[in-house]
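For reference, the structure is listed below as structure tokens.
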2 protein chains.
Amino acid sequence: MSRKIFVSAKEVAERAGVSRSAVSRTFTQGASVSQETRRRVIEAAEALGYHVNHLARGLMRDESGIVCLIAAELDTPYRASLIRALTRHLQSASKIAMLVNTDRSDESVGQALRLAISYRADASIILSGMPARSITDICLKSGQRLVLINRDEERDGALMINLNDRDAAQRAFLALLRAGCRSFAFANSEALTPSLMAREEGFREAGRKHGMEVAVERFGATTYESGLVLAQRLLTRESRPDAIFCANDLIACGVMDAARHQFKLDIPSQLCLIGFDDIEQAKWSSYNLTTFAQPVDEIAAEAVTWLAHAPSQVRSRKLVAELVWRGSVRGG
Amino acid sequence: MSRKIFVSAKEVAERAGVSRSAVSRTFTQGASVSQETRRRVIEAAEALGYHVNHLARGLMRDESGIVCLIAAELDTPYRASLIRALTRHLQSASKIAMLVNTDRSDESVGQALRLAISYRADASIILSGMPARSITDICLKSGQRLVLINRDEERDGALMINLNDRDAAQRAFLALLRAGCRSFAFANSEALTPSLMAREEGFREAGRKHGMEVAVERFGATTYESGLVLAQRLLTRESRPDAIFCANDLIACGVMDAARHQFKLDIPSQLCLIGFDDIEQAKWSSYNLTTFAQPVDEIAAEAVTWLAHAPSQVRSRKLVAELVWRGSVRGG
DNA sequence: TTGTAAGCGTTATCAC
DNA sequence: GTGATAACGCTTACAA
């Protein structure tokens with residue numbers, strides 16, 4: 001099929017009139033080569049268009065330089081920004097990202113992990129789903145690093161990065177209470193992921209603590225469209241909520257649009273809304289959404305630092321999502 | 001640092017009581033192995049957690065299975081959805097995506113391409129920027145496939161996938177004209193990419209053809225925020241436009257928000273708007289934007305089909321972006 | 001500093 | 001169908 005003919009170190013060596021090892025050393029960090037040899041090698045390499053074969057290099061070294069990113073729904077705003085941050089940080093650490101698109105099933109995550117093993121990835125970063133222990137065990141036993149972002153199950157030897165979802169939800173409740181809201185609701189999807197559930201439970205718990213009922217509605221995927229449906233359901237209840245905490249910004253935008261355009265409610269005077277993630281659209285003036293900011297860059301930095309450096313003792317990091325005050329809650 | 005100890009074919013062979021070649025054949029498409037041998041190999045492999053080393057395999061075969069995706073601003077809605085589509089299609093073709101995040105500079109694209117060569121990628125797909133000919137020549141000479149999406153410069157041997165930006169822009173003009181608009185404007189960024197410029201020129205040309213002046217404003221990056229500024233500039237002109245064609249949806253959303261919230265204009269009765277891309281947010285009821293839909297899935301399918309199959313004669317594909325009628329243009 | 005030689009884990013070729 | 005053996009392109013002792 002495709003006849004690939006890349007130039008090899010041997011050819012460079014011949015042209016430069018040195019040995020193959022000299023070429024290798026020229027392109028290896030901290031190897032000892034004389035100025036003169038290096039110069040001649042570089043020159044020949046340049047002329048021939050030589051590039052070290054990382055496949056072969058990965059065979060010898062115990063680092064391939066590859067890190068596997070495993071995620072579903074890559075085009076979701078929050079996910080996309082996390083992937084961007086991760087690739088950026090990885091590249092700064094001289095690693096390269098392999099991107100595997102899974103559906104939500106744990107089976108497909110397992111498949112992705114197998115792929116990561118096949119390419120001898122130095123690490124895998126899992127953003128969606130939770131693979132079976134059998135496969136993560138192989139990863140870890142093989143010496144592959146594993147980073148779990150916003151998953152709750154543990155894996156010995158893996159790094160878990162989590163947010164203070166529960167606390168944030170409680171803060172959300174307090175903020176809404178202070179804004180004078182009396183009837184609280186939580187708009188969730190049916191995805192039931194750890195972080196989404198933690199937000200729901202945190203919010204419920206805060207309600208309980210203050211002796212207030214929290215209406216909870218769950219529907220479909222974690223999308224804008226679900227937000228529309230959720231608003232429909234919540235805002236037609238006999239005791240209509242005047243405060244809705246949404247599982248994430250996408251849902252919040254849907255809820256807001258339905259509340260405004262369908263129920264003709266004014267935000268925030270008749271309905272206060274809080275989201276989660278602080279996606280780009282939350283800042284858009286049509287939404288101007290009060291929400292919790294995911295520390296995307298910090299998450300990426302933590303992950304990459306951990307997997308690039310010595311296996312430190314830290315097994316779990318909890319980062320905080322700060323409340324960003326905008327216009328969807330009174331006062332502030 | 002990290003002690004990686006993956007299990008090799010040799011170990012599987014020993015455990016299964018067969019030769020290394022038997023193991024290799026078991027995992028190679030269309031190799032001849034007896035039922036019995038295969039069974040024993042699979043069993044041993046399973047027990048040991050063996051996975052074929054794609055690095056080593058890529059060394060022998062002339063296919064690594066790796067395809068390099070090169071793009072800037074990965075978290076932009078359109079880009080993110082294209083990346084999602086590409087990874088999905090690549091995976092269906094048993095390829096794996098490597099993701100390289102560039103800034104807009106052509107230099108960084110060149111770096112990305114070098115990386116692609118280093119990992120012996122079967123192909124590179126460029127979504128942003130345009131690398132120097134010197135480096136693309138190396139790619140092509142090495143037998144690496146090259147796909148350019150929405151770039152205008154040619155590279156012999158590469159596949160170019162383009163949209164009918166010019167025609168679309170002309171259609172946009174006609175649609176706005178038919179809606180009764182009298183004063184036309186184009187809101188562009190300063191990115192000056194081929195597709196953005198083609199849209200601008202197509203729109204201008206259509207105006208000229210109908211003897212109408214088209215106001216053009218360019219500002220900043222291709223973002224929502226730029227849209228806000230562009231609206232500011234366009235809507236304060238002495239002859240305020242009642243029709244604005246925007247370089248893309250992000251800008252359109254910004255223009256719309258500024259027009260509504262700042263200038264208190266009603267869409268579409270006082271101002272008609274057309275965007276480009278048909279990002280998720282264009283469907284959101286706050287925008288309900290009439291726009292051209294990028295055939296994202298088709299683009300991805302074209303690209304992957306081409307690079308997975310025999311080097312067909314086709315060097316360039318022009319796909320069409322269809323106009324999606326929503327509520328930001330009168331009539332329709 | 002340099003070259004020689006022995007791997008790394010595969011697959012492809014070749015006898016059997 | 002199977003098992004040796006020779007690549008593939010690189011890194012790294014080791015000896016010079």
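Only a predicted model underlies this, so the values are computations on that prediction, with no experimental measurement involved.
Following rounding to the nearest Å, B:His54 (NE2) and D:dC8 (C1') show an atom-to-atom distance of 17 Å. In this structure, the CD atom of B:Glu36 is 17 Å from the C1' atom of D:dG3, given to the nearest Å. When the C1' atom of D:dG1 is taken as reference, atom CZ of B:Arg39 falls 16 Å away, rounded to whole Å. Distance CZ (B:Arg120) to P (C:dT11): 19 Å, rounded to an integer number of Å. The distance between atom CZ of A:Arg61 and atom P of D:dG9, rounded to the nearest whole Å, is 18 Å. Summarising the geometry, the separation between CD on B:Glu63 and C1' on C:dT10 is reported as 15 Å, rounded to the nearest angstrom. When rounded to the nearest whole Å, the span between OH of A:Tyr119 and P of C:dT10 equals 14 Å. Whole-Å rounding puts the B:Leu55 CG to D:dT11 P distance at 13 Å.
Counted by atom type alone, B:Ser24 and B:Ser21 present zero donor-acceptor pairs between their side chains at under 3.5 Å. Side-chain contact of B:Arg151 with B:Ser128: a donor-acceptor pair under 3.5 Å is absent, judged by distance alone. Side-chain contact check for A:Asp75 and B:Ser81: no donor-acceptor pair (N or O, by modelled atom type) lies under 3.5 Å. Side-chain contact check for B:Tyr50 and B:Glu11: no donor-acceptor pair (N or O, by modelled atom type) lies under 3.5 Å. A side-chain N or O of B:Asp103 and one of B:Ser108 form a donor-acceptor pair less than 3.5 Å apart.
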Where do A:Arg145 and A:Asp122 land on the salt bridge (Lys or Arg N to Asp or Glu O under 4.0 Å) test, with the steps shown first?
CA-CA 6 Å; A:Arg145 296 279 227 289; A:Asp122 297 337; over 6 Å; no

Salt bridge (Lys or Arg N to Asp or Glu O under 4.0 Å) assessment of A:Arg15 paired with A:Glu43
CA-CA 9 Å; A:Arg15 174 162 182 140; A:Glu43 190 181 299; over 6 Å; no

Please list every donor-acceptor pair under 3.5 Å in which a side-chain atom of residues 134-143 of chain B meets a protein atom from a residue at least two apart or in another chain.
| from | atom 1 | to | atom 2 | distance (Å) |
| --- | --- | --- | --- | --- |
| B:Thr136 | OG1 | B:Arg133 | O | 3.0 |
| B:Thr136 | OG1 | B:Arg155 | NE | 2.9 |
| B:Ser142 | OG | B:Ile138 | O | 2.6 |

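Closest to the side chain of A:Tyr50, from the set D:dC10, D:dT2, C:dT10, is D:dC10.
The two residues B:Ala121 and B:Gln144 come nearest to each other via the heavy atoms O-NE2, 3.0 Å.
Only A:Ser32, A:Val33, A:Ser34, listed by number, bring a heavy atom of residues 27-35 of chain A to less than 4.0 angstrom from any atom of DNA chain C.
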Tabulated below should be each protein N or O lying under 3.5 Å from an N or O of nucleotides 4-8 of chain C; please produce it.
| from | atom 1 | to | atom 2 | distance (Å) |
| --- | --- | --- | --- | --- |
| C:dT4 | O4 | A:Ser21 | OG | 3.3 |

